[in-house]
There are 2 protein chains.
Amino acid sequence: MELDERKKKILKAVIANYLETGEPVGSRTISKYTDLDLSSATIRNEMADLEELGYIYSPHPSAGRVPTDKGYRFYVDNLMEEKEEIEEVKSTLLERVDRMELMLKQVAKVLAYNTNYATMVTAPNYRKTVKFIQLSQVDLDNLLAVIVVEGNIIKNQMIPVNVPLDNEDVLKFNILLNTFLQGAALEDINLEMIQAMKKQAGEYDVILEHIFQGIVEAIHEANELEIYTSGATNILKYPEIGDISKTSELLEAFENKNELTNLLEKTVNNDGEEGIQVYIGDETPVQNMKDCSLVTATYKMPEGATGTIGIIGPKRMDYKKVVSTLKNLTIELDDIFKKGKGVNTDGD
Amino acid sequence: MELDERKKKILKAVIANYLETGEPVGSRTISKYTDLDLSSATIRNEMADLEELGYIYSPHPSAGRVPTDKGYRFYVDNLMEEKEEIEEVKSTLLERVDRMELMLKQVAKVLAYNTNYATMVTAPNYRKTVKFIQLSQVDLDNLLAVIVVEGNIIKNQMIPVNVPLDNEDVLKFNILLNTFLQGAALEDINLEMIQAMKKQAGEYDVILEHIFQGIVEAIHEANELEIYTSGATNILKYPEIGDISKTSELLEAFENKNELTNLLEKTVNNDGEEGIQVYIGDETPVQNMKDCSLVTATYKMPEGATGTIGIIGPKRMDYKKVVSTLKNLTIELDDIFKKGKGVNTDGD
DNA sequence: ATTAGCACTCACCAACATCGAGTGCTAACC
DNA sequence: GGTTAGCACTCGATGTTGGTGAGTGCTAAT
């Protein structure tokens, strides 16, 4: 059954009011709040219908109505018109950040500050090929390998060696490593390659293997999906989320980066769509977030790499604000990356 | 007024019991709990004395007694004998961690897991002199500077250059930078040095200045005191700490690394003593930790560098366990560093 | 000095009454 | 037919009351 115009208006009013106050909203409030000019009795009848249809429910007979997940869903899909004003705040804060990592941290922070929800941001995910390897002798017992991967993520690895090497040896290794590894991604490295390298290394094959191991480890690290979070404590501000033990669970989950990464990856893969996704209550792919909502957005780098931004808040979060903020933010990010200026994508 | 032996015994029993249960403890409990063989009435008299002296108080007339800050203090200073058994758990977990950063993170984590309190660990603080600088051309527009400082902390810095440089130029810069900066610490870099370098750079003085700036920035970063935290959510487990708003404040403070660093530095400087320090309630140097206790310990590296470990918990924390855990842990850390094996002190 | 005894206090809890916001339903109204 | 005034009803929230029990302080006896 389709909702008629009036029901939509009432549903919207109920939700808007509930988002604001957090209290169940009664018929009289709606009767005054809207421009419908209907008595509370009429509203009551309509609300009874809406309840029957599953959009709202009353926690107990003498309380007002509260949106159900279905209600929120309808609101987000059909009722919510987005804010037009652009949130300027963050752009000023994003000014000078010359490293990917710092910038994403900053994004998470600013977003948490602006929205009062918990936020997380993943670094862009793309095929990370080796751009450049530099091996140098730091002291008698240690080689330092510096690996620059595409996107200028830099990883360092100390490699202990027990055989004295002279400059020339190191130079040889350097050339060898670069010839084989430049342009390669993690998944390109295979046994054959190792064999070929060892062959070329001749008597140094054992050391080379050692060094190679260190480098692979570093590449591995560069491939790990970084995730930055902020505003975890904001969760405490919304008592509806549950008692202390539930909140605590949620916070712990939020501290666990692996879990979060999975979560974000799942949401993005779930529905191949890009852009902004809203997950309400049970719709979220993680158990202990049943009483929350999750809004995700993806941003793009010109090379096609994408990253995800996520916001976790109570079900009664300000969807309008969050969605429009995210929309603007992703546009801004896309922009910054497009210009390719002001941001060096180097890790540290 | 000195406490006589019996009062001490009773105070100790009260505190021990309270630490265990978290409930005010009554005279009858003590009468049974101790080997004093005294009736509850006698205990009552003694407890009244202890209350007058400020070691304990009753939250209300018909409740038992609870230790005051002064009581805890006396307990920690005079009454508490430390556990003899060594906490083996963590050592097993500290096995293979080959980077300072990861290891300290691990320490914080294990400690939080073992104690159920919030923990923080600072990296050792020492004069960080430049060991080695490596400049390389990553692509047409960027130089990569790798700076290794004493203790094998490695920092990377991308330096955009708009003038094409050939290999030889880079090599020259490398030599120049290393001659001037090797062995220097941040505070050694001064205007004179810059002038001298520029002079030697000749026509390249502008680029050099640019590069130099990038390097100084990196050295700066290496000098920043890192701090790692874990178990923040443990704070939620102790409702005595206060209502949600207080807990939330505390958690936020805990998220703010700068504040924490200050805190730890303050505690260490406060009383020049090294070793283990216990701050109870008001004694902590930070306002919003009034309802908590803080235990800090310092560990040493053979070169004299020291770092700090801190544990934040409720006032009724298990001081005995915490102190002995910290004692063992610092010994273990000192040991690991002394061996100098198993740990490469490289950042990333 | 110790302790048995006792009156006293007060947090905690359950039972109960009150209040009021909000409902559903019915009947009257336009 | 849709709308609304009116009313009985529900039930959470709040407040009151009384009983219970843990624990105390004091006194008098040991």
Side-chain angles (χ1 to χ4, degrees), chain A residues 1-11 13-18 20-68 71 239-240 243, chain B residues 1-11 13-18 20-68 71 239-240 243:
Chain A
M1 168 187 172
E2 257 306 309
L3 295 184
D4 59 39
E5 227 26 68
R6 200 169 71 175
K7 282 200 173 55
K8 281 187 194 170
K9 247 188 174 162
I10 291 172
L11 179 56
V14 169
I15 295 182
N17 202 284
Y18 183 70
E20 229 177 81
T21 65
E23 309 263 294
V25 3
S27 54
R28 239 178 77 81
T29 313
I30 299 298
S31 153
K32 283 186 293 180
Y33 193 83
T34 58
D35 51 355
L36 286 169
D37 258 334
L38 291 171
S39 78
S40 62
T42 314
I43 305 283
R44 268 204 293 287
N45 290 330
E46 294 285 45
M47 277 164 88
D49 290 353
L50 283 171
E51 174 151 19
E52 207 175 337
L53 293 168
Y55 293 101
I56 53 181
Y57 76 99
S58 46
H60 62 264
S62 80
R65 298 310 210 295
V66 165
T68 59
E240 322 108 80
D243 54 8
Chain B
M1 168 188 174
E2 258 306 310
L3 294 184
D4 59 39
E5 225 29 63
R6 198 168 73 175
K7 283 200 172 56
K8 280 186 195 170
K9 249 187 173 166
I10 292 173
L11 179 56
V14 169
I15 295 183
N17 202 284
Y18 183 70
E20 228 177 83
T21 65
E23 308 262 294
V25 5
S27 54
R28 237 178 79 81
T29 314
I30 299 297
S31 153
K32 284 186 292 181
Y33 193 82
T34 58
D35 51 355
L36 286 170
D37 257 334
L38 291 171
S39 78
S40 62
T42 313
I43 304 285
R44 270 205 292 288
N45 290 329
E46 293 286 46
M47 278 163 88
D49 289 352
L50 284 170
E51 174 150 19
E52 208 175 335
L53 293 169
Y55 292 102
I56 53 181
Y57 75 99
S58 48
H60 63 265
S62 79
R65 299 307 213 294
V66 165
T68 60
E240 334 97 85
D243 54 6

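Reckoned from all heavy atoms, side chains included, excluding hydrogens, waters and symmetry mates. Labels below follow one simple rule: chain letters A, B, ... track the order of the sequence lines, proteins then strands, and each chain is numbered from 1. Keep in mind it's a predicted model, so treat the numbers as computed, not measured.
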Quick one: does any side-chain atom of B:Ser31 pair with a main-chain N or O of B:Ser39 as donor and acceptor, under 3.5 Å?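 Side chain of B:Ser31 to backbone of B:Ser39, a donor-acceptor pair under 3.5 Å: no, none is there.
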Would you mind reading off the distance between [X] atom [atom1] and [N] atom [atom2], rounded to a whole angstrom?
| X | N | atom1 | atom2 | answer |
| --- | --- | --- | --- | --- |
| A:Asp49 | C:dG24 | CG | P | 10 Å |
| B:Leu36 | C:dT2 | CG | P | 10 Å |
| B:Tyr57 | D:dG25 | OH | C1' | 20 Å |
| A:Ile43 | C:dA21 | CD1 | C1' | 17 Å |
| B:Glu52 | D:dT24 | CD | P | 16 Å |
| A:Met47 | C:dC25 | CE | C1' | 16 Å |
| A:Arg44 | C:dG22 | CZ | P | 11 Å |
| B:Glu51 | D:dG23 | CD | P | 15 Å |

Which residue lies more 5' along DNA chain C, comparing B:Ser62 with B:Thr42 via nearest heavy atoms: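 This one resolves to B:Thr42.
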Nearest-nucleotide wise, let me know which of B:Pro59 and B:Ser40 is further upstream toward the 5' end of DNA chain C. B:Ser40
Most 5' of B:Ala41 and B:Gly64 on DNA chain D, judged by nearest nucleotide: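 So the residue in question is B:Gly64.
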Look at all strands and tell whether B:Ser27 reaches a base, only sugar-phosphate, or nothing, counting heavy atoms closer than 4.0 Å.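 Sugar-phosphate: the residue B:Ser27, judged by heavy atoms under 4.0 Å, touches backbone atoms but no base.
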Nearest to side-chain heavy atoms of A:His60, which nucleotide of D:dT24, D:dC11, D:dT4: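 Of the options given, the side chain of A:His60 lies nearest D:dC11.
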Ignoring the backbone of B:Pro61, work out which of C:dT9, C:dT3, D:dG25 is nearest its side chain.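 Selected nucleotide (nearest to the side chain): C:dT9.
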Would a 4.5 Å heavy-atom cut-off, applied to side chains only, mark [X] and [Y] as touching?
| X | Y | answer |
| --- | --- | --- |
| A:Asp49 | A:Asn45 | no |
| A:Leu3 | A:Leu53 | yes |
| A:Lys9 | A:Leu38 | no |

Taking only the side-chain nitrogens and oxygens of B:Arg28, find out if one of them lies under 4.0 Å from OP1 or OP2 of D:dT24. no
Within the pair A:Arg6 and D:dT3, is there a side-chain N or O less than 4.0 Å away from OP1 or OP2?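 A:Arg6 to D:dT3 OP1/OP2: side-chain N or O found under 4.0 Å.
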State the CD-OG1 distance between A:Glu51 and A:Thr68, to the nearest 0.5 angstrom. 9.5 Å
